[in-house]
Amino acid sequence: MKKNIFTLVSGILILNVSLFAQNAQPASEAESETQAESLNVNGNSSEVENQISAEKENQPENTATAETENQIQNDAADKVTDNVTDEVSDGVEDGSSAELEDEADVVSAFDDEDFGNEENDEIVTAYNEALKEEKPRYEYTKEKQVAAKKRPLKQKSENAVLDKSENYEEDSRAVFKYGLESQISSLIDELTKNEDYRFVDEIYDLFYETKDVVVKDKIIDYFAKLKDPCLGEFACEVINEPYEVRKETVDRCFKYAAEAQVTEAVPGLVDLVDKEEEDYFTGALTALGDLGGTDEAEFLADYLDRNDLTISQRQALMKVLGRIKAVETFDKITEIAKNEDENSFVRMYAAEAIGAMEKPEGEDILVELFESTDPNLRCYCVKGIAHFTDEKSDKVIIQALRDSQYKVRMEAIEAVEKRQMKDAIPYLIFRCKDKDELKNVKEKAYKVIAKLNTSDGNEYLISILKDKKTGAGVKAKVAGFLLEENNGVNEVIELARSTFKSEVKYQKDLRYALGKEFAKYDNGSFAEICGEYLNSADVATQGTGLDMWAKGRYSSCRAKVEEIAQDAVEEENKEEEKDSKKVYKFGQKRKNANAKKAKKILEMDGSSAGNAASSAGNTQ
């Protein structure tokens, strides 16, 4: 504002001086004095008179011409203008000039006659119009708040492979109560990995008891995975005042608030973005992308006109504006995306945001931008256009499947999956058959072909399982994708069964890989092949069979698992000989290497391994 006032003052001064010089005519000394009086600018007329007199005294009397008179007057006026301008500038800089408080005071500092001509009026009018057009910054009015303190939600552990042994829960609670910080940390890692939610109350209470920041961070991650807002109070307090908290914890609170949908944290996040502190800007902005609404979108829209943000901050801003669908920024983001002089990454995130806003005109813009020579921009055009569901967007995605840049092809396959474009199956199959295609592109195509579940697609994938020239790794991947969609189950089982015919490395590697895929699912169709794995003389194959049984608990295989566990029970009951080395003697039964694993699995099921093993022995 002060800068604009200064510009106005300077403009008016220069205009008046210019008019004075233009109207000057060859005149007598009396007439010159009259002209000087007309320059009564802030009381500086006497200075003009003195300057003119001084200049005239330095001129020979017989050489004063009209041209000289005009030059003297112009020079004097320039000096006065400089003096007044300096005074105004000093007042703007130190804020001390009472005459520059607002536009009204500036105007009143001049005589009415100075604004009496048309040209001066035009300057003031133009300035006032500029002020009206200047967009006011959005005023965000929400106050910081803190979420109410609450207990954890009651969670149900869906994972069937949980340790349900007799002492596990008791031992775990003892660790939380009496254990070392390292033991507690390891247990939380285990529970998080296994999605075991039986101890949420103990973990919650521990959070407010422990002073160990590492344990606290792990608990934040644990409840973030559960999307449980029970730590919302803590997260809000940290976000509202993060300066005395370690940065790692602050970053976790950003992510936790977003995952658990702690909307009370939003005003605090806005405040951190507004302060533009580098340590917190991107994290707070990203969290706003998950939690923000219309008010936050309008607040962030102002940042598009900022020139002082870093490249990474502008990238984050583009992504967030798209995620919260800030349609009021659409035109500006479009301008950024089209600007070839703009940073490449900023442009590509702008393209993604255009699509995320889902405005109809955005589709044509992305179609146009897809013609860019920048592969990163093309990639994000595909990501953006996947939000549309018409023939125009289909054509762009199909074209992207044939793009020379592999990243664009990968993004196109993602778009086919998101849009469920079954018409793209022939293009995906072609990509898989292309010998020059990259491995990760092929694997992504296999996965999407299986997911789309078409007869042509499944037929092609099954043909890969039967192809003797295809490597074990590719077959295992394809089998895994089919099983994930519960397709081609019989063909995958037959492939696994065929590997028992030979113990060559290729067959064993394929057998292990397929076993790991079977072990992901509780499927009654796997009971028979699980038995074949358990009956194998190969230790690794049998161990994989135990993993399969742990997931499915197939009743037809239970006796075999109990039999394997028997060795571990017998060894525990045997008194160890002191000071003597155990040496294997010919004819002595070797202990099954999988015995302890089988015993552990039985205990996790709540079974008494000892009794189970004993009953297994009695049936033999």
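- The one candidate from R431, K442, K447, K444 that meets the side chain to side chain contact (heavy atoms under 4.5 Å, CB included) condition with I413 is K444.
- Counted by atom type alone, D217 and T249 present one or more donor-acceptor pairs between their side chains at under 3.5 Å.
- From L285, atom CG reaches atom CG of L321 across 7.5 Å, with rounding to the nearest 0.5 Å.
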Intermediate values then yes/no, side-chain contact (heavy atoms from CB on, under 4.5 Å), R553 and I601
CA-CA 10 Å; R553 306 283 170 169; I601 290 173; 3.8 Å; yes
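- Between the side chain of K477 and the main chain of E443, no donor-acceptor pair closer than 3.5 Å is present.
- Note on ring orientation: taking the six-membered ring where Trp is involved, the planes of F281 and Y303 are tilted (angle from 30° to 60°).
- Between V250 and I239 the shortest side-chain heavy-atom distance does not fall below 4.5 Å.
- Note that CD of Q542 is 9.5 Å distant from NZ of K597, once rounded to the nearest 0.5 Å.
- No side-chain donor-acceptor contact under 3.5 Å links R314 to the backbone of F345.
- For R151 and Y204, the positive end is not near the middle of the six-membered ring at less than 6.0 Å and at most 45° from its axis.
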For side chain to side chain donor-acceptor pair (under 3.5 Å), just list the numbers for N453 and E485, CA-CA rounded to whole Å, side-chain angles, deciding distance to a tenth of an Å, and then say yes or no.
CA-CA 8 Å; N453 192 22; E485 305 301 324; over 6 Å; no
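- Taken to the nearest 0.5 Å, the CG atom of N490 stands 11.5 Å off from the CG atom of L482.
- The number of heavy-atom neighbours closer than 6.0 Å to OH of Y178, taken from other residues, nucleotides and ligands shown, is 12 or below.
- Put simply, the side chain of D228 gets close to the backbone of L153: a donor and an acceptor are under 3.5 Å apart.
- Taking a cutoff of 4.0 Å between a charged side-chain nitrogen and a carboxylate oxygen, K142 and D295 qualify as a salt bridge.
- Rounding to the nearest 0.5 Å gives a distance of 7.0 Å between CG of L272 and CD of E277.
- Using a cutoff of 4.0 Å between basic side-chain nitrogens and carboxylate oxygens, R409 and E437 are scored as salt-bridged.
- Using a 4.5 Å heavy-atom threshold, the side chains of F199 and L187 count as separate.
- Partner of Y533 under the ring pair (Phe, Tyr, Trp, His ring centres under 6.0 Å) criterion, out of F500, F526, Y554: F500 alone.
- Between I564 and A598, the closest heavy-atom pair is CG2-CB, 3.8 Å.
- Residues Y140 and E296 have side chains that bring a donor and an acceptor to within less than 3.5 angstrom of each other.
- A salt bridge links K144 with D271; the closest basic N to acidic carboxylate O contact falls under 4.0 Å.
- Under the 4.5 Å side-chain criterion, counting only non-hydrogen atoms from C-beta, T329 is in contact with M357.
- Listed for the Q420 side chain is a donor-acceptor partner under 3.5 Å among the backbone atoms of E417.
- At a threshold of 4.0 Å, the pair E190-K193 does not count as salt-bridged, since none of the basic side-chain nitrogens sits closer than that to a carboxylate oxygen.
- In this structure, CG in L206 is found 4.0 Å from CD1 in I219, a value given to the nearest 0.5 Å.
- Aromatic pair F207/F234: centroids less than 6.0 angstrom apart.
- With hydrogens and angles disregarded, no donor-acceptor distance shorter than 3.5 Å links the side chain of E494 to the backbone of E491.
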Might you work through the salt bridge (Lys or Arg N to Asp or Glu O under 4.0 Å) test for K520 and E517, ending with a clear yes or no?
CA-CA 6 Å; K520 293 178 181 179; E517 295 299 328; 3.2 Å; yes
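- Although no hydrogens or angles enter the test, the distance criterion places no donor-acceptor pair under 3.5 Å between the side chain of R558 and the main chain of S555.
- Nearest heavy atoms, A287 versus L269: CB-CD1, 3.8 Å.
- The closest side-chain heavy-atom distance from D290 to V320 is not below 4.5 Å.
- In this structure, R306 pairs ionically with E276, as a charged nitrogen and a carboxylate oxygen lie closer than 4.0 Å.
- Contact check for K418 versus V448: no side-chain heavy atoms found under the 4.5 Å cut-off.
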I'd like to know whether E169 forms a salt bridge (Lys or Arg N to Asp or Glu O under 4.0 Å) with R173, so could you lay out the CA-CA distance, the side-chain angles of the two residues, the decisive distance to 0.1 Å, and finally the verdict.
CA-CA 6 Å; E169 291 191 24; R173 290 189 172 92; 3.3 Å; yes
Assess whether salt bridge (Lys or Arg N to Asp or Glu O under 4.0 Å) is satisfied between E259 and K255, documenting all intermediate values.
CA-CA 6 Å; E259 289 291 333; K255 294 175 183 177; over 6 Å; no
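- Between Y222 and D196, the closest heavy-atom pair is OH-O, 3.0 Å.
- Closest approach of L291 and A257 over heavy atoms only: CD2-O, 3.6 Å.
- Annotation for L514 and A476: closest pair CD2-CA, 4.3 Å, computed over non-hydrogen atoms.
- Using a 4.5 Å cut-off on side-chain heavy atoms (C-beta onward), R252 and K216 make no contact.
- Among all heavy-atom pairs drawn from Y168 and L191, the shortest one is OH-CD2, 4.0 Å.
- The backbone N or O of T499 sits less than 3.5 Å from a side-chain atom of R511, completing a donor-acceptor pair.
- In this structure, K551 forms no cation-pi arrangement with Y521, as its terminal cationic atom is not both closer than 6.0 Å to the ring centre and no more than 45° off the ring axis.
- Between the K407 side chain and the C379 main chain, no donor and acceptor come within less than 3.5 Å of each other.
- Checked for salt-bridge contact, K225 and D221 miss the test: no charged N lies under 4.0 Å from a carboxylate O.
- For the side chain to side chain contact (heavy atoms under 4.5 Å, CB included) test with F518, the passing option among I493, V489, N523 is I493; the others fail.
- Side-chain atoms of T544 come within 3.5 Å of backbone atoms of A540 as a donor-acceptor pair (strictly under, hydrogens ignored).
- Between the side chains of Y512 and D538, at least one donor-acceptor pair of N or O atoms lies under 3.5 Å.
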Evaluate the criterion salt bridge (Lys or Arg N to Asp or Glu O under 4.0 Å) for residue pair K247 and D251; output intermediate values, then yes/no.
CA-CA 6 Å; K247 187 175 182 302; D251 289 339; 2.9 Å; yes
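- No more than 12 heavy atoms of other residues, nucleotides or ligands shown are found within 6.0 angstrom of NZ on K154.
- Inter-residue side-chain proximity for T210 and I184 is flagged as unmet; no heavy-atom pair is nearer than 4.5 Å.
- A salt bridge links K599 and E603; the closest N-O separation between the charged side-chain nitrogens and carboxylate oxygens is under 4.0 Å.
- Relative to the ring axis of Y208, K149 places its NZ or CZ within 45° and under 6.0 Å from the centre.
- Side-chain N or O atoms of D201 include none that pairs as donor or acceptor with a backbone N or O of P152 at under 3.5 Å.
- Of the inter-residue distances, the one linking Y349 atom OH with M318 atom CE reads 12.0 Å to the nearest 0.5 angstrom.
- The environment of CD in E528 is sparse: at most 12 heavy-atom neighbours from other residues, nucleotides or ligands sit within 6.0 Å.
- Contact of the C236 side chain with the Q145 side chain is not registered, since no non-hydrogen atoms from C-beta on lie closer than 4.5 Å.
- A salt bridge does not link E352 to K319: none of the charged side-chain nitrogens sits closer than 4.0 Å to a carboxylate oxygen.
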